[in-house]
Amino acid sequence: FVNKICRSEKDWSMKDLKPALISEMRTATANGKGVLMAVSGGVDSLVTAVIMHRANPDNLYLVYVDNGLMRNGETNEINKLFQKMGFKHFEIIDAKADFLDKLKGVNDPEEKRRIIGHTFIEVFEKKALALKKKSDIQFLAQGTIYPDRIESAQPSKAASKIKSHHNVTLPEKMHLKIIEPLKELYKDEVRELGEELGIPKERVWRHPFPGPGLAIRILGEVTEDRLRVLREADEIFISELKKEGQYDKIWQAFAALLPVKAVGVMGDSRTYENIISLRAVTSKDAMTADWAKIPYDTLERISTKIINNVRGANRVLYDISQKPPATIEYE
Ligand code: XMP
């Protein structure tokens, strides 16, 4: 219908989109003013940062907030990556204690998201004000993609808000102009664009990771010890999936920590420990998802390895829920 009857040309391609976006961003920021951006190490913010960097390399200011809710080794990896990619102004803010302190005793998912969002804004705003004093920053770039707008912005009266704030914006008083180069793209298009931009493949094909981090995969209170249990289990799960060639077939895989304990037996002793739930889904755009049909023997190896190696976990479950009605994340 589109091509034959409406006679629309097939003239849209990712190859053309790359220079078009870079030049659009160059024009948008042509006044020589600075562009501020928070990066997470995820695909969306990385692709956005590379576009903004190509458009305006000297005036891009990147900030990474370490909220203490990242996976094992992640902050280190991100630091190395950004150094290697040659970004001129890149800074890591260690705000771990701040976030974990504010999350103490908090169990409610929306409350966690609210606290994380607010703390992020507080930390980022402080940095933004300090940077603004030194350099003339006028823009705020964000890695918002199309599904983010659908799920959190309530695009119409009919669509209800599922979870609060996928991406956070700075308060209006900062007077920064928001720039969102990826706002019309789906995740697979962002990845294709990332490859066109020459971003390393393993970064482009990394599974998505939510802004509120492990806090929304820990049901119940977030504590240092529960974070440790989850991190260790997640690391085993992901590295086994990679080893067995399953990782790239899956949209997103992760471990979650349930808010109940179960009885088990280790040697001659009774244990009363945490339950790890493994979630792996296939999807095209995260709007709907199916549980991944990981082979039983792979699941068995992962479960054994987690129970044998992670102190504080004595039971592993595999989540077989579809989205909808379940969501991909647990909170
Ligand atoms: P759900 O759980 O809503 O997730 O099925 C859909 C996709 O969005 C990711 N997600 C988030 N990403 N901040 C993010 O940056 C968030 O607050 C957030 N919540 C969910 C989730 O990982 C999945 O890919």
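In this structure, Asp234 contributes its side chain and Phe254 its backbone to no donor-acceptor pair below 3.5 Å. Between the Thr282 side chain and the Ala292 main chain, no donor and acceptor come within less than 3.5 Å of each other. Asn274 places no side-chain N or O within donor-acceptor distance of the main-chain N or O of Ile276, the cut-off being under 3.5 Å. Between the side chain of Ser135 and the main chain of Leu131, a donor-acceptor pair closer than 3.5 Å is present. The closest donor-acceptor contact from the side chain of Thr119 to the backbone of Phe99 lies at 3.5 Å or more, if one exists at all. Here the side chain of Lys323 pairs a donor or acceptor atom with the backbone of Ala286 at under 3.5 angstrom. A donor-acceptor pair under 3.5 Å is formed between the side chain of Thr29 and the backbone N or O of Met25. Between the Arg26 side chain and the Ala55 main chain, a donor and an acceptor come within less than 3.5 Å of each other. Using modelled atom types, one side-chain atom of Asn314 and one backbone atom of Ala262 make a donor-acceptor pair closer than 3.5 Å. Although no hydrogens or angles enter the test, the distance criterion places a donor-acceptor pair under 3.5 Å between the side chain of Thr271 and the main chain of Gly264.
We find the CD-CD distance between Glu110 and Glu331 to be 9.5 Å, quoted to the nearest 0.5 Å. Atom CG in Leu36 sits 10.0 Å away from atom CD in Gln142 (nearest 0.5 Å). The distance from the NZ atom of Lys127 to the NZ atom of Lys132 is 15.5 Å, given to the nearest 0.5 Å. Once rounded to the nearest 0.5 Å, the distance linking CE of Met266 with CD of Glu273 reads 7.5 Å. Leu230 CG to Phe237 CZ: the interatomic distance, rounded to the nearest 0.5 Å, is 11.5 Å. Between atom CG of residue Leu185 and atom OG1 of residue Thr144 there is a gap of 11.5 Å, rounded to the nearest 0.5 Å.
The shortest distance between side-chain heavy atoms of Ser45 and Met37 falls below 4.5 Å. At least one side-chain heavy atom of Glu189 sits under 4.5 Å from a side-chain heavy atom of Met14. Val65 has its side chain within reach of Phe120: a pair of non-hydrogen atoms, C-beta onward, lies under 4.5 Å apart. Contact annotation: the side chain of Ile145 approaches that of Asp148 to within less than 4.5 Å [non-hydrogen atoms, C-beta and beyond]. At least one side-chain heavy atom of Leu227 sits under 4.5 Å from a side-chain heavy atom of Val222. Using a 4.5 Å heavy-atom cutoff, the side chains of Lys80 and Lys84 are not in contact. Side-chain contact between Ile92 and Phe82: absent, with no pair of heavy atoms (C-beta onward) separated by less than 4.5 Å. Within the 4.5 Å cutoff, the side chain of Lys243 has no heavy atoms near those of the Arg301 side chain.
For the residue pair Ala28 and Phe139, the shortest heavy atom distance occurs at O-CZ, 3.3 Å. Annotation for Leu182 and Asp44: closest pair CD1-O, 3.4 Å, computed over non-hydrogen atoms. The shortest heavy-atom contact between Asp319 and Tyr330 is OD2-OH, 2.6 Å. Nearest heavy atom pair, residue Arg279 against residue Ser321, reads NH1-O, 2.7 Å. In terms of heavy-atom proximity, Glu221 sits nearest to Asn107 at N-OD1, 3.2 Å. Across all their heavy atoms, Ala233 and Val310 have their closest contact at N-CG2, 3.9 Å.
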Output, in order, the C-alpha distance, side-chain angles, deciding distance and verdict of side chain to side chain donor-acceptor pair (under 3.5 Å) for Thr75 and Tyr64. CA-CA 9 Å; Thr75 300; Tyr64 167 89; 2.9 Å; yes
Walk me through it: do Thr223 and Leu100 pass the test side-chain contact (heavy atoms from CB on, under 4.5 Å)? CA-CA 7 Å; Thr223 62; Leu100 295 185; over 6 Å; no
Tell me, with the steps shown, if Trp251 and Lys187 meet side-chain contact (heavy atoms from CB on, under 4.5 Å). CA-CA 11 Å; Trp251 167 270; Lys187 195 86 174 189; 3.6 Å; yes
Would Phe1 and Cys6 count as a side-chain contact (heavy atoms from CB on, under 4.5 Å) here? Give the steps. CA-CA 6 Å; Phe1 175 80; Cys6 302; 3.5 Å; yes
Under the side-chain contact (heavy atoms from CB on, under 4.5 Å) rule, what do Gln252 and Glu329 come out as? Steps first, then yes or no, please. CA-CA 10 Å; Gln252 194 167 354; Glu329 301 291 345; 3.0 Å; yes
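Annotation for Gln322: atom CD counts as buried by contact number, over 12 foreign heavy atoms lying within 6.0 Å. Applying the 6.0 Å contact sphere to CD of Gln83 captures more than 12 heavy atoms from other residues, nucleotides or ligands.
Asp58 pairs by the salt bridge (Lys or Arg N to Asp or Glu O under 4.0 Å) definition with Lys88, not counting sequence neighbours. Take Tyr186 and apply the ring pair (Phe, Tyr, Trp, His ring centres under 6.0 Å) test, not counting sequence neighbours, and it matches Tyr146.
A salt bridge links Asp225 and Arg228; the closest N-O separation between the charged side-chain nitrogens and carboxylate oxygens is under 4.0 Å. Between Glu180 and Arg149 there is no salt bridge, since none of the side-chain N atoms of the basic residue sits less than 4.0 Å from a carboxylate O of the acidic one. With respect to the salt-bridge test (charged N to carboxylate O, under 4.0 angstrom), the residues Glu235 and Lys305 do not qualify.
Val260 and Val263 fall into different hydrophobic clusters, where Ile, Leu, Val, Met, Phe, Trp and Tyr side chains are chained together by heavy-atom contacts under 4.5 Å. When hydrophobic clusters are built by joining Ile, Leu, Val, Met, Phe, Trp and Tyr residues whose side-chain heavy atoms come closer than 4.5 Å, directly or via intermediates, Ile306 is not grouped with Tyr272.
Relative orientation of the His89 and Tyr61 rings is parallel, given thresholds of 30° and 60° on the angle between their planes.
Results of the side-chain contact (heavy atoms from CB on, under 4.5 Å) test with Ile302 over Ile238, Asp297, Leu241, Val316 single out Leu241 as the only residue that passes.
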For residues 194-215, which side-chain donor-acceptor pairs fall under 3.5 Å, sequence neighbours excluded?
{"unit_1": "Glu195", "atom_1": "OE1", "unit_2": "Lys201", "atom_2": "NZ", "d": "2.9"}
{"unit_1": "Glu195", "atom_1": "OE2", "unit_2": "Trp205", "atom_2": "NE1", "d": "2.6"}
{"unit_1": "Arg203", "atom_1": "NH1", "unit_2": "Gly41", "atom_2": "O", "d": "2.9"}
{"unit_1": "Arg203", "atom_1": "NH2", "unit_2": "Glu77", "atom_2": "OE1", "d": "3.3"}
{"unit_1": "Arg206", "atom_1": "NH2", "unit_2": "Glu74", "atom_2": "OE2", "d": "3.4"}
{"unit_1": "His207", "atom_1": "ND1", "unit_2": "Ala253", "atom_2": "N", "d": "3.1"}
{"unit_1": "His207", "atom_1": "NE2", "unit_2": "Tyr247", "atom_2": "O", "d": "3.0"}
{"unit_1": "His207", "atom_1": "NE2", "unit_2": "Ile250", "atom_2": "O", "d": "3.0"}

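Both tests hold for Lys293 against Trp291: distance to the six-membered ring centre under 6.0 Å, angle to the ring axis within 45°.
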